[in-house]
Amino acid sequence: MKKFALLLIPLLLVPHHINAIENQKDTKQLKAAIIIDDFGGGTGGVRDFLEGDIPITAAVMPFTENSKAHAEWAHKNGFEVMVHLPMEPKRGKKSWLGPKPITVDLSPEEIRDRVKKAINSVPYAVGINNHMGSKAVEDEKIVRIIVEVAKEKNFYIFDSRTSPETKFPKVARELGVPLLQRDVFLDDISSSSFVRKQMLRLAKVTEFNGQGIAIGHVGVTGKVCSLGIFHSMDEFQKRNIKIVPASKLFNETLIEKQLVP
Ligand SMILES: [Zn+2]
């Protein structure tokens, strides 16, 4: 009996020791995600991103001529895909919204149906983020339906934070759906030097929080956006920040939670 207990001790110690080393390694490696919005729509930088070697996450608009093709192209080349769900904004033209958007005048059944169909029109997607939506994301009833569908599909929610009053964090927490939020917009101004400046902000946020998330766009600003990101990679390497698919940031959060007593 005594002999058995002695044998057991090293067995218990070894995995614990390995875990400690693993945790240490993971917390040292800073991670940032770059979400590129509006695939499926404008051409701009589609090829620059999808044939490039920076592991961006491709947010693809549903129901467009290129939704399926862009999602398949991204997946084939190893990029993570999410559904870029169009949602009603407070300002802006209706035409910017794209087909079948989530608007506040829809019935709950129509919203549920549109979200499900949007997911079906973007193959390989593993998450949902919002395109525009400053009005609709403030409506808890609408947000709840989207998060419920995400839960059914095992999707994560990526809140683009187009309104400070967004209900995504509250509802996602309530329903236990994984949520990420944007820290930095990369291309509000269409110049690669501006994108580089914003990438530096992303690096600083990542160093401060242990992880960071930026959004860029593939359309009108796509070319300068991809150039600005590309030219920032040396700086990210120097700072030991790795660009990862958005879903890889959840592991980091889990490790942090484990470390907190
Ligand atoms: Zn968008």
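Hydrogens, waters and symmetry mates play no part in the numbers below; they use all other heavy atoms, side chains included. Just follow the structure's listing: the first ligand is 1, and inside any ligand the first atom is 1.
Because the distance cut-off is set at 2.8 Å, Asp37 fails to qualify as a neighbour of the Zn ion (ligand 1), as none of its N, O or S atoms comes that close. Because the distance cut-off is set at 2.8 Å, His217 fails to qualify as a neighbour of the Zn ion (ligand 1), as none of its N, O or S atoms comes that close.
Using a 4.0 Å cut-off between a side-chain N of Lys or Arg and a carboxylate O of Asp or Glu, Arg144 and Glu174 qualify as a salt bridge. Salt-bridge check for Asp139 with Lys167: failed, with every basic side-chain N at 4.0 Å or more from each acidic carboxylate O. Here Lys90 pairs with Glu138 in a salt bridge; the nearest charged N to carboxylate O distance falls below 4.0 Å.
When the N, O or S atoms of Asp38 are ranked by distance to the Zn ion (ligand 1), OD1 comes first. Its N, O or S atom nearest to the Zn ion (ligand 1) is what matters here, and for His131 that atom is ND1.
Side chain of Gln29 to main chain of Asn240: a donor-acceptor pair is present (N/O by atom type, distance under 3.5 Å, no hydrogens or angles).
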